[in-house]
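One structure is given below, encoded as structure tokens.
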2 protein chains.
Amino acid sequence: MVTLAEVAQHAGVSASTVSYVLSGKRSISAGTRQRVEESIQVLGYHPNAGARALASSRSNIIALMIPLRTDMYVPVMMEIAIAVTTSARSHGYDVLLLTGEEGPDAVRRITGSGLADAMILMDVELDDERLPLLRDTEQPSVLIGLPADTSGLTCVDLDFGATGALCAEHLAMLGHRDIAVIGEAPAVYERHTGFAERTLDGLRSRSRELGLRVLHRPCEGGFDAMSLTLARVFDERPGTTGFVVQNESAVEPLLALLRRQGRAVPEDVSVIAICPDQVAVQASVRLTSVAIPAQEMGRNAVERLIAKLEGRGKDEVVLIAPELTVRASTGPAPATS
Amino acid sequence: MVTLAEVAQHAGVSASTVSYVLSGKRSISAGTRQRVEESIQVLGYHPNAGARALASSRSNIIALMIPLRTDMYVPVMMEIAIAVTTSARSHGYDVLLLTGEEGPDAVRRITGSGLADAMILMDVELDDERLPLLRDTEQPSVLIGLPADTSGLTCVDLDFGATGALCAEHLAMLGHRDIAVIGEAPAVYERHTGFAERTLDGLRSRSRELGLRVLHRPCEGGFDAMSLTLARVFDERPGTTGFVVQNESAVEPLLALLRRQGRAVPEDVSVIAICPDQVAVQASVRLTSVAIPAQEMGRNAVERLIAKLEGRGKDEVVLIAPELTVRASTGPAPATS
DNA sequence: CGACGGAGTCGAAGCGCTTCGACAACCTAT
DNA sequence: ATAGGTTGTCGAAGCGCTTCGACTCCGTCG
């Protein structure tokens, strides 16, 4: 293992000089810099992370808490995680992966041990028990998601309220009157995960203004659950012609079921999905959708976090404006029979 | 920030004693131990990770390199990542997330800096450029996946060769004669990712023994790609009655297309998927499948790694035996027309 | 022309922890 | 009673790095 001291000796300078070459915190003559950099190359030097963390009290690590559960749509999580990791790296940070499993203790452990300089939390509940800890600590943090009380916090999220409203508007504009929302699994609501409720609120209040009737049904993913849910929807509101699907693992089952029932999409029934674009274009019908901008959320969160770490950056709530892309799954409401 | 020294003072012992209480590396009297533990509680002490790493030259961190690409089925990756993280935590390790993006440099950076004590690599190519580095270093590592040359390496993977064979056997037993393999995206083969080729090899050689005719077609996920692929399959081999699908994002499109063409599953056509069980039961037909045991792979990899870190544990290749579960998507081949 | 300031470098003092050797106190076995 | 072992505790020496103050050159300005 090569140390700073060895590099210094090899380059004929003092250890501190090498350190300053590395950090750029003091000016170094061109000649010295070059000699040092050569020695680093030749010896294959890599600064020791522990020593660096100890001396500077910065680990250059960002902690990322991802949900453990499997009832949330996973690709989105994965995409965010990768976006976070990639952009963190481009700022010189590594990412430590934590699962929600440990809960608030994980927050204590990380802030206490100085393992990470900052953290990003995903899957935030409306009244998340980790929040008080975050407010108390010096350690910068960013939430991906929106709790009920955002005071003293920085949050990044898709504007799910607007997303719901957008769906309502699109369907209303096409002349639909009875619409059904296929929501996330019941557990997601019980846990009071903000995004699901906010979507619904946004959709409902805009629907009221537009004179749409809304039926909301939570739904576990999969074919069987969707089948039951769909039956009950048409049972209760036979005239339903518009669907908004939030649970992505219900999308394909829904399409298959509608097909099987002889209801054509989009001639008889329109479907809007809230999902990443990739999913929308890969489905068995090219789906009109509101995109979940996973990449952007991850990148944005990292950028806020870095800003905070560097002293710029304030507490703020960033709501990304939703965009609805019209594809082949929505069309004018059929003439009333 | 509370330090060891403060705990020591509060408990009326020396710093080294506190350290020994924490590590258990020397015997401590019951009384002292208790006083120290109380002080730790009262003061809310958390050992500083950097200092600990520096002094002990162990960071208690495992690095996990996941693929960046999006052409691989993501839920499996996510599941493995979560399994790795969870079991690492239960052994007292944290997980550092790296994307394949950095390539071999990431390996150098991690081993050089002592940021992690060991690493787990996913998405291993047959002739992966990271392997020489791993063989050269002292740092323990485990691959999830199987390269061409496993000498000096520890690998954990599903036995994809046997998986392919198993699929062939099942279809042969049901009387099918012409089968098609819907493979991963072409890029996966070009990259020489081991699992895809091994599945195919296993399937082909067993098919030869059993007298099955095999048509293999790589396929990007999604409806459009699958539609093209399927057309070409039936064009070339109109008598195809059995499908083995490796690319999970092709499963639903395939089912939808078959339905649309009026081919009933499993009466006219049988479909086997290679995918996590959850996917198989949630599909629009309950799929006969060979499970990808993501959890087990993750857990297993961590256990081997810990064993190596503790000095037990040798280089070995662990191939998990595949299990085929018969569900509703396979049945006897239709009588030849 | 002397005082001054900036650029470039060095030495030394830690950062908070682990770990080694030393030592005191006690408990056996002779 | 004494040698020998255990057991429990302490002090001190680092681990490899950052960073502060100090120092030496220079070039510059009044």
Side-chain angles (χ1 to χ4, degrees), chain A residues 1-37 39-40 43-61 92 109-117 138 309, chain B residues 1-37 39-40 43-61 92 109-117 138 309:
Chain A
M1 163 150 236
V2 191
T3 70
L4 226 211
E6 290 170 322
V7 174
Q9 190 176 359
H10 186 270
V13 297
S14 77
S16 47
T17 301
V18 177
S19 177
Y20 286 125
V21 168
L22 254 30
S23 69
K25 291 192 179 168
R26 286 203 182 172
S27 51
I28 296 288
S29 68
T32 306
R33 153 167 292 117
Q34 189 177 338
R35 253 179 314 130
V36 170
E37 280 167 353
S39 300
I40 290 178
L43 301 178
Y45 169 71
H46 284 271
N48 179 79
R52 185 170 263 195
L54 177 56
S56 65
S57 39
R58 300 174 107 290
S59 64
N60 283 287
I61 289 179
R109 196 166 62 85
I110 298 304
T111 54
S113 67
L115 224 188
D117 296 334
E138 288 301 289
L309 280 166
Chain B
M1 163 149 232
V2 191
T3 70
L4 226 208
E6 291 170 321
V7 174
Q9 191 177 357
H10 185 271
V13 297
S14 76
S16 47
T17 300
V18 177
S19 176
Y20 287 124
V21 168
L22 253 32
S23 69
K25 291 193 178 167
R26 287 204 181 171
S27 50
I28 297 288
S29 69
T32 306
R33 153 166 292 116
Q34 190 177 338
R35 251 179 314 130
V36 170
E37 280 167 353
S39 300
I40 290 177
L43 301 178
Y45 169 72
H46 283 272
N48 179 81
R52 184 170 264 196
L54 177 55
S56 65
S57 39
R58 301 176 106 288
S59 63
N60 283 287
I61 289 179
R109 196 167 61 84
I110 297 303
T111 54
S113 68
L115 226 187
D117 297 333
E138 287 301 289
L309 280 166

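Below, read A as the first sequence line, B as the second, and so on, with proteins coming before strands; counting in each chain starts at 1. From a predicted model like this one, the values you see are computed outputs, not experimental measurements.
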Can you list everything that forms a side-chain contact (heavy atoms from CB on, under 4.5 Å) with [X]? Sequence neighbours excluded, please.
X: Ser57(B); result: none
X: Ser23(B); result: Tyr20(B), Lys25(B)
X: Gln34(A); result: Glu38(A)
X: Leu54(B); result: Asn48(A), Ala51(A), Leu54(A)

**Sequence-distant partners of Arg58(B), salt bridge (charged side-chain N to carboxylate O under 4.0 Å, His left out), two or more places apart** =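 Arg58(B) satisfies salt bridge (charged side-chain N to carboxylate O under 4.0 Å, His left out) with Asp117(B) only.
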
I'd like a table of atom pairs between the protein and nucleotides 23-28 of chain C - only N or O on both sides, under 3.5 Å - with the distance next to each one.
none

**Request:** Treat primed atoms plus P, OP1 and OP2 as sugar-phosphate and everything else as base, then score nucleotides 10-16 of chain D 5' to 3': B for base contact with protein heavy atoms under 4.0 Å, S for sugar-phosphate contact only, - for none.
**Result:** BB--BBB

List in chain and number order the residues that pass side-chain hydrogen bond (donor to acceptor under 3.5 Å, both in side chains) with [X], two or more places apart in sequence or in another chain; answer none if no residue qualifies.
X: His46(A); value: none
X: Ser19(A); value: none
X: Ser56(A); value: none
X: Arg109(B); value: Asp94(A), Glu102(B)

To the nearest angstrom, how far is [X] atom [atom1] from [N] atom [atom2]?
X: Leu22(B); N: dC17(C); atom1: CG; atom2: P; result: 9 Å
X: Lys25(B); N: dT9(D); atom1: NZ; atom2: P; result: 18 Å
X: Arg35(A); N: dC10(C); atom1: CZ; atom2: C1'; result: 14 Å

**Message:** Just N and O in the side chain of Ser29(A): are any of them under 4.0 Å from OP1 or OP2 of dA7(C)?
**Reply:**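 No, Ser29(A) has no side-chain N/O under 4.0 Å of OP1/OP2 on dA7(C).
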
**Message:** Angle between the end axes of the helix from dC1(C)-dG30(D) to dT30(C)-dA1(D), five pairs per end, to the nearest 10 degrees?
**Reply:**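 Computed angle between terminal axes is 40°.
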
**Donor-acceptor pair, side chain of Ser59(B) and main chain of Leu115(B), under 3.5 angstrom** =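 Judged by distance alone, yes, a pair lies under 3.5 Å.
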
**Asked** Which pair of heavy atoms, one from Val36(A) and one from Val7(A), lies closest together, and at what distance?
**Response**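 Nearest heavy atoms, Val36(A) then Val7(A): O-CG1, 4.3 Å.
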
**Request:** Please work out if Ser19(A) contacts a base, only the sugar-phosphate, or nothing of the nucleic acid, heavy-atom cut-off 4.0 Å.
**Result:**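 Ser19(A): base contact, heavy atoms under 4.0 Å.
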
